[in-house]
Amino acid sequence: MEKTLNVQGMTCGHCESAVKGALGDLDGVKDVQVSLDSGKVDVTYEEGKVTDEQMKEAVEDQGYDVK
Ligand code: 9UX
């Protein structure tokens, strides 16, 4: 399964690492691709192992807003 999160406020490489790390730590998340320009974060995950809400919270916990 793949999902795209629209994340606001990521502007540098450290933001990218923070978001990637937080999502990557979730059980069931297999891959995370971040586009700083567009704010889009593509997450590849195993269905049933992780919820949309968990992904959203992981990003929000790093201090970014998710649309
Ligand atoms: Mo870079 Mo991101 O200085 O919140 S870490 S903009």
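One-based numbering, in listed order, for ligands and for the atoms of each. Only heavy atoms go into these numbers, but all of them, side chains included; no hydrogens, no water, no symmetry mates. Positions are given from 1, in the same order as the sequence printed here.
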Rounded at 0.5 Å granularity, tell me how far CD in Glu57 sits from CG in Leu26.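 Rounded to the nearest 0.5 Å, the CD-CG separation comes out at 10.0 Å.
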Sub-4.5 Å side-chain heavy-atom contact between Val41 and Tyr64: no
Please list, in number order, the atoms of ligand 1 under 4.0 Å from a heavy atom of [X].
X	value
His14	5 (S)
Cys15	1 (Mo), 2 (Mo), 4 (O), 5 (S), 6 (S)
Thr11	6 (S)
Tyr64	2 (Mo), 4 (O)

Minimum-distance protein heavy atom relative to atom 1 (Mo) of ligand 1: Cys12 SG, 2.0 Å
How about CD on Glu47, more than 12 heavy atoms from neighbouring residues, nucleotides or ligands closer than 6.0 Å, or not? no
Walk me through it: do Leu5 and Lys40 pass the test side chain to side chain contact (heavy atoms under 4.5 Å, CB included)? CA-CA 6 Å; Leu5 303 171; Lys40 289 197 192 318; over 6 Å; no
Might you point out which heavy atoms bring Gly28 and Lys49 nearest each other, and give the distance in Å?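 What the structure gives for the nearest pair is CA-CB, 3.8 Å.
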